[in-house]
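Down below is the structure, laid out as structure tokens.
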Amino acid sequence: MISYIVRRLLWSVLLLLVVSFITFLMFVVLPSADPALLRAGRNPSPEVVAAIREQLGLDRPWYVQYAKYIWNLVAHFDFGYSYQNNVAVRDTIFDRLPATASLAVGGAVTWLLIGIPIGIVSAIKRGTILDRIAMGGALLAISAPVYWVGLVSIYLFSKDLGKLLPIFEGSGSYTDFTEDPVAWAAALILPWLVLATAFAAIYARFLRANLLDVMGEDYIRTARSKGLGERRVVFKHGLRSAVTPIVTIFGLDLGILFGGAILTETVFNIPGVGRLAYDAIQKSDLPIVQGTVLIAALAVILANLVVDIVYAFLDPRVRY
Amino acid sequence: MSLLEITDLKVHFETDDGLVRAVDGISYTVDRGQTLGIVGESGSGKSVSSLTVMGLSRSRNAHISGSIKFDGKELLSASDDDLREIRGDDIAMIFQDPLSSLHPFYKVGAQIVEAIQTHRDVSKSQARDRAVEMLGLVGIPEPRKRADAYPHEFSGGMRQRAMIAMALANDPKLLIADEPTTALDVTVQAQILELIERLQSEFDTAVVVITHDLGVVAEMADEIAVMYAGRIVEHADTDTIFAAPEHPYTWGLLSSIPRLDSPRDEELVPIAGRPPSLINLPGGCSFHPRCPYVKPAHMTTDPLLEPVPDTPRHRVACLLNADTRKQLWRELREGTAPVDARARVMKDVAAEGSAVQAAGDTGSTLTQASGEGRPAAATEEAGT
């Protein structure tokens with residue numbers, strides 16, 4: 001088990017290297033605005049631009065720039081400095097992480113709370129009106145783009161704009177948890193629900209399909225033939241198997257969201273990693289983009305690893 | 001009073017394709033400590049009938065009628081809760097595939113403990129002691145240690161032993177074994193059958209063994225019921241089934257199993273064709289499209305399960321008259337191919353060709369055996 005984890009971590013490092021290289025290469029190969037020009041302000045003299053270029057190391061060949069970047073990263077855990085405002089990328093990202101984590105974890109809890117019960121009920125009551133309504137609703141929820149759901153929900157429910165039921169804080173009111181937990185939760189409820197909509201629908205459908213599959217298994221028949229109550233058959237024997245694959249996609253989804261929920265963060269003006277990446281891309285701010293991409297990749301890789309380890313505990317047949 | 005008394009049991013399922021008559025009016029009884037073998041091909045309704053005894057075939061689109069009396073209590077009208085209390089306690093069941101029948105995520109011991117605690121008000125450690133005792137009883141070495149193993153850490157035979165331990169943990173009055181050895185190696189099969197027999201006499205359990213293999217029930221069953229297309233077509237004690245079978249389908253089953261005491265060059269005679277769809281049963285006798293001794297009248301008249309003259313415990317559902325059947329079996333036992341036996345015994349049926357023709361016209365298959373007792377290639381092709 002330990003050697004497996006070590007091996008996986010070594011591979012992860014290699015993977016991160018590849019990710020960073022590809023991101024870097026995109027800035028070299030694809031046309032983008034000259035960062036030095038962007039930095040220099042209006043009508044700069046060529047000397048100023050040249051000075052900035054030298055200061056940022058942009059006059060060096062790209063492979064030297066890349067090697068330097070990696071060296072700083074490995075040796076000093078230094079992600080470089082934003083071209084835009086010269087702030088350390090590491091600090092910028094770490095400042096933004098709590099907001100993203102708040103959104104991701106809260107959203108995940110929300111979609112599990114909504115999706116799993118719906119999935120179970122739909123499977124048990126398969127073919128009934130209840131099942132049809134739930135699955136029809138799920139299809140709608142999956143089909144609706146998250147930014148659209150976000151905008152509509154602000155239009156309908158936000159305190160300042162709400163046309164239908166103005167009860168939730170709308171966009172732009174994110175407060176840090178440490179500052180005011182109540183305001184933090186109030187501002188995030190709407191984004192959580194919006195983010196959870198599509199996920200809850202996917203999880204409900206997935207769990208329903210899994211559970212229906214499992215309930216047809218021979219060992220479910222055995223459980224019934226032992227004289228177990230239907231509730232115990234479903235929850236202890238059926239759900240135990242049906243939920244295992246859910247753990248896999250849940251870990252991955254959470255990992256991806258830690259890398260920033262760009263659309264949700266943008267619509268609700270949440271200062272998270274996703275917003276940061278979005279803004280940085282627009283300004284060709286390579287160090288910030290590079291940093292956010294690496295953090296996102298790291299989150300996904302770690303989530304993958306955690307999922308695989310957890311899986312060994314969930315399924316006794318899995319051994320590393 | 002018999003322990004289990006089934007009367008005119010019908011289990012029909014509504015499906016999108018039509019009404020499936022999985023079990024279509026069967027009756028049998030099992031006494032305490034007795035073993036009944038139910039034999040038939042897949043799709044003959046043998047599993048459904050026993051699942052119905054357990055109350056496990058109840059569903060929205062199942063129509064179940066008739067009567068199942070267990071220990072004097074009617075099970076068909078019993079509530080789900082009442083049935084649940086009987087399941088795993090008074091009636092236990094083991095299944096075909098022991099790997100898929102055990103939950104892969106729970107330890108074997110824990111699964112047996114669960115079965116015990118469902119019906120007995122005992123502490124976890126008492127239940128565990130009982131589980132370990134049962135595992136030892138079914139011949140699992142180091143039962144205390146093995147109780148903590150997962151099903152995938154057991155071999156196929158061990159898993160079936162564990163299933164048997166689980167089924168017998170509550171000392172049931174009736175054990176239903178649905179193809180208990182089909183998924184196992186031949187050498188293990190015999191051990192499992194022996195085990196069931198030994199435990200049966202130890203616990204005085206009644207056993208219903210469901211199988212497609214007459215060999216499985218030859219040793220252990222007191223009586224055998226042969227099922228075809230949802231009905232019992234022949235029912236007699238085991239010796240009679242092997243010595244003096246009356247139904248052409250039973251003859252077919254017997255001729256298709258190899259016997260050590262028959263000449264080595266004797267060919268096995270498969271039963272031609274396939275079991276009928278339980279949605280569109282052929283008219284008349286359900287077996288007529290595959291029966292080498294069919295007469296025109298058999299395609300319209302539905303035979304009843306009736307006692308064989310002189311041996312009332314032996315019942316058969318066949319429209320051939322008893323003398324003809326006895327002569328046919330005598331011919332077959334001497335190694336005569338079905339088609340020749342027919343020619344010799346049923347001389348009176350001049351319309352042989354037309355009967356066969358008509359059988360073909362119903363859209364079902366009749367494969368004529370050739371002179372050498374081998375199905376003719378052309379007709380076999382038509383059957384597939």
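Every chain is numbered from 1 and lettered A, B, ... according to where its sequence line falls, protein lines coming before strand lines. We use all heavy atoms of the structure for the numbers below, so side chains are in, but hydrogens, waters and symmetry mates are not.
Formation of a donor-acceptor pair under 3.5 Å by the Thr118(B) side chain with backbone atoms of Leu228(A) is not found in this model. Formation of a donor-acceptor pair under 3.5 Å by the Tyr106(B) side chain with backbone atoms of Lys236(A) is found in this model. Put simply, the side chain of His119(B) gets close to the backbone of Lys226(A): a donor and an acceptor are under 3.5 Å apart.
Remark: Arg132(A) CZ is loosely packed, at most 12 non-hydrogen atoms of other residues, nucleotides or ligands lying under 6.0 Å away. Residue Ile2(A) qualifies as open at atom CD1: its count of foreign heavy atoms under 6.0 Å is 12 or below. Within a 6.0 Å sphere centred on OH of Tyr4(A), other residues, nucleotides and ligands contribute more than 12 heavy atoms. The local environment of CG in Leu14(A) is crowded, with over 12 non-hydrogen atoms from other residues, nucleotides or ligands closer than 6.0 Å. Crowding of Arg126(A) atom CZ: a count of heavy atoms from other residues, nucleotides or ligands under 6.0 Å not exceeding 12.
How far OH of Tyr219(A) is from CG of Leu99(B): 10.5 Å, rounded to the nearest 0.5 Å. In this structure, CG on Asp218(A) lies 9.0 Å from CE on Met163(B), to the nearest 0.5 angstrom.
Using a 4.5 Å cut-off between heavy atoms, His152(B) contacts chain A through its side chain alone, with no backbone atom that close. For Ala115(B), the parts lying near chain A are the backbone and the side chain together; criterion is any non-hydrogen pair under 4.5 Å. Within the 4.5 angstrom heavy-atom criterion, only side-chain atoms of Leu56(B), from C-beta onward, approach chain A. Residue contact with chain A, scored on non-hydrogen atoms closer than 4.5 Å, is absent for Ile176(B). For a residue to count as touching a neighbouring chain, one of its non-hydrogen atoms must lie under 4.5 Å from one of that chain's; by this rule Leu314(A) touches chain B with the backbone only. Both the backbone and the side chain of Gln111(B) come within contact range of chain A, each with at least one heavy atom under 4.5 Å from a heavy atom of that chain.
Not less than 6.0 angstrom separates the ring centroid of His237(A) from the ring centroid of Phe105(B).
For the options Pro104(B), Gly88(B), Ala92(B), heavy-atom pairs under 4.5 Å to chain A are most numerous at Pro104(B). No other option in Glu85(B), Gln96(B), Met166(B) has as many heavy-atom pairs under 4.5 Å with chain A as Met166(B). Considering only heavy-atom pairs separated by less than 4.5 Å from chain B, the leading option among Arg224(A), Arg317(A), Arg232(A) is Arg317(A).
Side-chain contact between Tyr150(B) and Pro316(A) is present, with heavy atoms from C-beta onward closer than 4.5 Å. Side-chain atoms of Phe95(B) and Ser225(A), non-hydrogen and from C-beta on, do get closer than 4.5 Å to each other. Considering only heavy atoms from C-beta on, Thr222(A) stays 4.5 Å or farther from Met93(B) through its side chain.
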**Report entry** side-chain contact (heavy atoms from CB on, under 4.5 Å) assessment of Glu217(A) paired with Ser101(B)
**Finding:** CA-CA 8 Å; Glu217(A) 290 283 345; Ser101(B) 297; over 6 Å; no
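No salt bridge links Glu230(A) with Arg84(B); every basic N to acidic carboxylate O contact stays at or beyond 4.0 Å.
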